Amino acid sequence: ILAVSPGNIDIANSESIKLAREVDPEGDRTLAVITKVDLMEKTAENSRVLEGKVIPIKLGIVGVINRTQAQIDANIPMEECLALEEEFFKTHFNYMSNEMGTPYLTQRLCTVLMQHVKQCLPELIIRITEQKIVQQNILDSFGPRIEDESGALADLVMNFCREFEQNMEGKRSVQFNGAKRGISGGRHLFEVFETTICKELEKLSLPEDIEADIVHEINSAAGTRPALFIPNIVFDNLASRQLHHFIFPIKKSIKKCSETITEIVSIISKQTFERFPVLKRETHQISLALLLSKTQVVEKFIDSYIRCELCYINTNHRLFTKNKPQLEKINADAEGKGDLSAEEMNTKKIKALLDLYIHIIRNQLMDVVPKTVVCYMVLQFCDDLHKDLMKQLFASDRIDDLMKEDMFVEERREKAQRMLEALERAEAITSLLA
């Protein structure tokens, strides 16, 4: 703190000294300067002021005589003014003239500054080193300037495809929206299988009014004759109707899987192509078009699978045979109840068979749907992704446009480079002072 006071006023009433004491009560950081010393009365008290005995200032008090307006108007050189100042102090304050005057003030300020720098040097070196690491990381995040655009584009596409594949294999992780920690894309897709496909299918069961439907089908199949026997068409019609209930939750689950993979693609493309907004947009569009085609393949496959189940209701399934004792027990229980009519007994039997058949189909679909999703929407998607990207991006004749960096990247790179160079110069200076 440089507290400057004119010599023609009482230093005890100096506003600069008062302000300095407010922020530096102990006076450790204050250096006082008294100007216009030639206008001070030549008294012992004023000598004591300059000696620092009236108001103690730890860094000292320096008296100076500034160049007057008259000297400026007369074009008296600065060297002559400094010589007059030196002569004044030697004449009136000879015993401390070597600690007075503008040249001494300059020297004293430099000394105080150097002492302060050396005191703060260890912390300053640490801060410079830390900032160098920060700026270097910023430069590394932007990457070097592109020289070979075609080669850089091929490398970026390869990195994007590899990152997606390793993510699905569980070797990498991404941070999904709202998640506290990163998780691999493959694991996230598995959780989608568990929370959507499996749970949606597990919810499906025979409706509460199934017995009324069974009675209606038995009566319809009998026609004009009494229903003495249950034709196979009754079970086939009922089973087919229940199978249709699987279509909506399966398609809903496939859509959820597609949305999950889309989110993974978006996160990885943002990380890989952050510097190149046009390339990021084009890559994202090509990837989503490919994913849409694979999703349609999955839906078509599952539709075909369900049609196959509808075309042939396999009442000779091995699980029927395996559960034959259970079915015979149901029949025996139904026959053992003498108060049940033939229609009620047949209804109980058909309901038990339907429940078992739906259970069989549900378990098959819980296995088939995830396998189909992984086969087409993950593995085949990975196989075709690099080929499609290379084919469409390099065929567009827009490599210059694709490899154009974000308008702020170059500006931030240059700023970080200038800051790094300044820190290196500061580091060189501090090494000389250390």
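All residue numbers in this chain count up from 1 along the given sequence. Predicted, not measured: the structure shown is a model, and the values here were computed from it.
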### Task
Dump the intermediate steps for side-chain contact (heavy atoms from CB on, under 4.5 Å) on Glu282 and Gln285, then the final yes or no.
CA-CA 5 Å; Glu282 292 291 327; Gln285 290 176 353; 4.3 Å; yes
**Request:** Take Val37 and Met100 through the side-chain contact (heavy atoms from CB on, under 4.5 Å) test and state the conclusion after the steps.
**Result:** CA-CA 10 Å; Val37 179; Met100 294 289 154; over 6 Å; no
- request: Just do the side-chain contact (heavy atoms from CB on, under 4.5 Å) check on Thr196 and Lys252 with the steps written out, would you?
  value: CA-CA 8 Å; Thr196 58; Lys252 178 182 175 183; over 6 Å; no
Requested in this report: Apply side-chain contact (heavy atoms from CB on, under 4.5 Å) to Asp400 and Lys404, showing your working.
Outcome: CA-CA 6 Å; Asp400 290 344; Lys404 188 177 294 183; over 6 Å; no
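Interatomic distance, Ile306 CD1 to Ile361 CD1, rounded to the nearest 0.5 Å: 9.5 Å. For the atom pair CG of Leu124 and CD of Glu427, the computed distance is 10.5 Å after rounding to the nearest 0.5 Å. Rounding to the nearest 0.5 Å places CZ of Arg275 at 11.0 Å from CZ of Arg412. We find the CG-CD1 distance between Asp38 and Ile65 to be 4.5 Å, quoted to the nearest 0.5 Å. To the nearest 0.5 Å, atoms CG (Leu243) and CG (Leu238) are separated by 11.0 Å. Here the CG-CG distance, from Asp401 to Leu279, works out to 10.0 Å after rounding to the nearest 0.5 Å.
Contact of the Arg108 side chain with the Leu31 side chain is registered, since non-hydrogen atoms from C-beta on lie closer than 4.5 Å. No side-chain heavy atom of Val64 sits under 4.5 Å from any side-chain heavy atom of Tyr104. Between Val297 and Thr372 there is no side-chain heavy-atom pair separated by less than 4.5 Å. Within the 4.5 Å cutoff, no side-chain heavy atoms of Lys132 are placed close to those of Thr129. Annotation: side chain of Val369 is not in contact with side chain of Phe193 (no heavy-atom distance under 4.5 Å). Counting heavy atoms from C-beta outward, Arg307 and Asp303 have side chains that approach closer than 4.5 Å. Side-chain atoms of Met168 and Leu189, non-hydrogen and from C-beta on, do get closer than 4.5 Å to each other. The shortest side-chain heavy-atom distance between Met366 and Arg362 falls under the 4.5 Å cut-off.
At least one donor-acceptor pair under 3.5 Å links the side chain of Arg29 to the backbone N or O of Val23. Remark: the backbone N or O of Ser266 is paired with a side-chain donor or acceptor of Ser269 at under 3.5 angstrom. Without hydrogens or angle criteria, Thr260 side chain to Lys256 main chain gives a donor-acceptor distance under 3.5 Å.
For the residue pair Asp355 and His359, no side-chain donor N or O sits within less than 3.5 Å of a side-chain acceptor on the partner. Between the side chains of Glu163 and Asn159, not a single donor N or O lies within less than 3.5 Å of an accepting N or O. One side chain, Glu309 or Gln364, offers a donor N or O that lies under 3.5 Å from an acceptor on the other.
Taking a 6.0 Å sphere around CD of Glu274, one finds it holds 12 or fewer heavy atoms contributed by other residues, nucleotides or ligands. Open room surrounds CE on Met78; 12 or fewer heavy atoms of other groups in view lie less than 6.0 Å from it. Summarising the local packing, NZ of Lys18 is surrounded by more than 12 heavy atoms from other residues, nucleotides or ligands at distances under 6.0 Å. Counting non-hydrogen atoms of other residues, nucleotides and ligands closer than 6.0 Å to CD of Glu87 gives a total of 12 or fewer. Within a 6.0 Å sphere centred on NE2 of His116, other residues, nucleotides and ligands contribute 12 heavy atoms or fewer.
Here the closest heavy-atom approach between residue Gln71 and residue Leu84 is recorded as NE2-CD1, 3.8 Å. Closest non-hydrogen pair, Ile399 versus Ser150, comes out as CD1-OG, 3.7 Å. Of all heavy-atom pairs between Leu310 and Ser240, the closest is CD2-O, 3.5 Å. When all heavy atoms of Arg67 and Cys81 are compared, the closest pair comes out as CG-SG, 3.7 Å. Of all non-hydrogen atoms in Leu291 and Ser258, the two that sit nearest each other are CD2-O, 3.7 Å. Closest approach of Thr35 and Pro6 over heavy atoms only: OG1-CA, 3.3 Å.
The aromatic rings of Phe301 and Tyr305 sit parallel, their planes meeting at an angle under 30°, below the 60° perpendicular limit. Taking the six-membered ring where tryptophan is involved, the planes of Phe381 and Phe164 are perpendicular, since the angle between them exceeds 60° and thus also 30°.
Paired with Leu109 under the rule side chain to side chain contact (heavy atoms under 4.5 Å, CB included), one option of Thr111, Leu105, Val112 passes, and it is Leu105.
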